[in-house]
Number of protein chains: 2
Amino acid sequence: MKPTTPAAEDYLKTIYAHTEWQPEPITPKVLATRLGIAPSSVTEMVKKLAAAGLIAHVPYGPLTLTDEGRLRATAVVRRHRLIETWLVRELGYTWDEVHDEAEVLEHSISDRLLEAISTHLGHPRADPHGDLIPAADGSTARVRAVLLADAPAGHSGTVLRVSDRDPAILRLLADAGIGPGSNVTVVDSATLRLDAGQAHPFSADVAAAVWLTG
Amino acid sequence: MKPTTPAAEDYLKTIYAHTEWQPEPITPKVLATRLGIAPSSVTEMVKKLAAAGLIAHVPYGPLTLTDEGRLRATAVVRRHRLIETWLVRELGYTWDEVHDEAEVLEHSISDRLLEAISTHLGHPRADPHGDLIPAADGSTARVRAVLLADAPAGHSGTVLRVSDRDPAILRLLADAGIGPGSNVTVVDSATLRLDAGQAHPFSADVAAAVWLTG
DNA sequence: GGCAAAGTTTCGGGTTGCCTAAATAATCTG
DNA sequence: CAGATTATTTAGGCAACCCGAAACTTTGCC
């Protein structure tokens, strides 16, 4: 099968990421926005990816990955997350600094090097943001999680994951000492309490980025 | 100044590499061969690089780097060699396996990550093949060296560098226990003796790849 | 000095991936 | 349910890189 280009990998990865924590399939408009490109460019690439059997698409409909497409997508996600983990664990990056670097390297690293890094790190299962790292065969664990924005007052749980989309949020949370593994309780719709510590007010942006155990 | 594309970086790097151990400037034909592309493609890119002030070129003449071009070239070479060193020292690669991986990554790694790797490795001065790693400011040490093919019988010296162009040669030499730092004597035009060990016959290919102290 | 071989450039083409503007389809709303 | 809004697609272009074929220099050699 034809090798995927960096651009195609970005499309597949973004389509995959959209359904990783929420069920609705992605639309061309949203995909264009996420990729920072014009909708017409998406139409064009979508045609190629559909012709290559990597996505399913009926005109004016949503975009879904085929099995093969999902395999390619998880491979990119695996590369991205292992690179992020490596940057944090070995090279002194903080969790808000790794995204852009991984975004580029995920398209350049060979399988050989990727597995060497994974071995070097002891085959980590999650990246610094709590996102699960797909296995080399594309299989991924599934976790039940609740978005902080959807959690009722009084809900107690462990932080599973923080979206890495906005570095500012990551810095904010790091300053508050909150990250994957933190045990917290939702005081009200805008306040979080660290179990062994103090309360922290949080914004809607933060509420839409933090995921807790159910 | 305009950022350099991966393709342009490859041109600059190859032009630079050609004069690193020998004085003659490179010609378009040789450059095309080294890059594995058609001569007409070189003409085209050369125009762009000349327009960008990175190389000097008169029609039908040789190609030479401007100061700015040399700066860009050494930056790529620095990335390439630090990556090679990192792959060997940290990730279990052997010196004949690192070239292709570095060839790709040299275009993707950020300055931030590069300096983190350099620090992590203790700022090495040479890569696994004995090639000197340019400093971050582009400055490079200069070393007097003699090509094995040009060394007279009886010449004694230390192996400074082995060209990384042919992995088979690197494997051959590794098997013989010869590498940068080995002290050797040229017995005759086809035999080398390790100072503390046995004699090894060598081919013309090997003679054109090994450099000794003068 | 002249002519063939070798090197270089020009020219017309092709691919990928992006763009804007305009056309068309789907969806929302009064 | 019809017009208005929004989403999607089509059409035409552009920049980066590459190609092969043909034209044009330079070089090497008798």
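Chain letters run A, B, ... following the sequence lines, proteins first, then strands; residues in each count from 1.
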Return the nearest nucleotide to the side chain of A:Thr5; candidates are D:dT8, D:dC18, C:dG17.
-> C:dG17
Between D:dC18, C:dG17, D:dT8, which nucleotide has the shortest distance from any of its atoms to the side chain of A:Glu44?
-> C:dG17
Under 4.0 angstrom, heavy atoms only, what part of the nucleic acid is B:Ala38 near: base, sugar-phosphate, or nothing?
-> sugar-phosphate
Classify the side chain of A:Ser40 versus the base of C:dT20 as yes if they form a donor-acceptor pair under 3.5 Å and no if they do not.
-> yes
Heavy atoms of other groups near B:Arg165 CZ, more than 12 under 6.0 Å | no
Just wondering, more than 12 heavy atoms not from A:Arg171 lying within 6.0 Å of its CZ?
-> yes
With B:Thr14 as partner, the option from B:Leu63, B:Leu31, B:Thr33 fulfilling side chain to side chain contact (heavy atoms under 4.5 Å, CB included) is B:Leu31
Roughly how many Å is it from [atom1] in [X] to [atom2] in [N], rounded to a whole number?
X       : N      : atom1 : atom2 : value
A:Leu49 : C:dT16 : CG    : C1'   : 13 Å
B:Ile37 : D:dG20 : CD1   : P     : 11 Å
A:Leu63 : D:dT8  : CG    : C1'   : 11 Å
A:Ile26 : D:dT8  : CD1   : C1'   : 15 Å
A:Tyr60 : D:dT9  : OH    : P     : 6 Å
B:Leu35 : D:dC17 : CG    : P     : 12 Å
A:Asp10 : C:dT16 : CG    : P     : 17 Å
B:Met45 : C:dT8  : CE    : P     : 17 Å

Reckon [X] has a side-chain N or O less than 4.0 Å from the OP1 or OP2 of [N]?
X       : N      : value
A:Tyr11 : C:dC18 : yes
B:Ser41 : D:dC19 : yes
A:Lys47 : D:dT9  : no

Using heavy atoms to find the nearest nucleotide of DNA chain D for B:Pro39 and B:Lys48 separately, return the residue whose nucleotide is more 5′.
-> B:Lys48
Is the A:His129 ring parallel, tilted or perpendicular to the A:Trp95 ring (thresholds 30°, 60°)?
-> parallel
Where the side chain of A:His107 meets the backbone of A:Val76, is there a donor-acceptor pair that is under 3.5 Å apart?
-> no
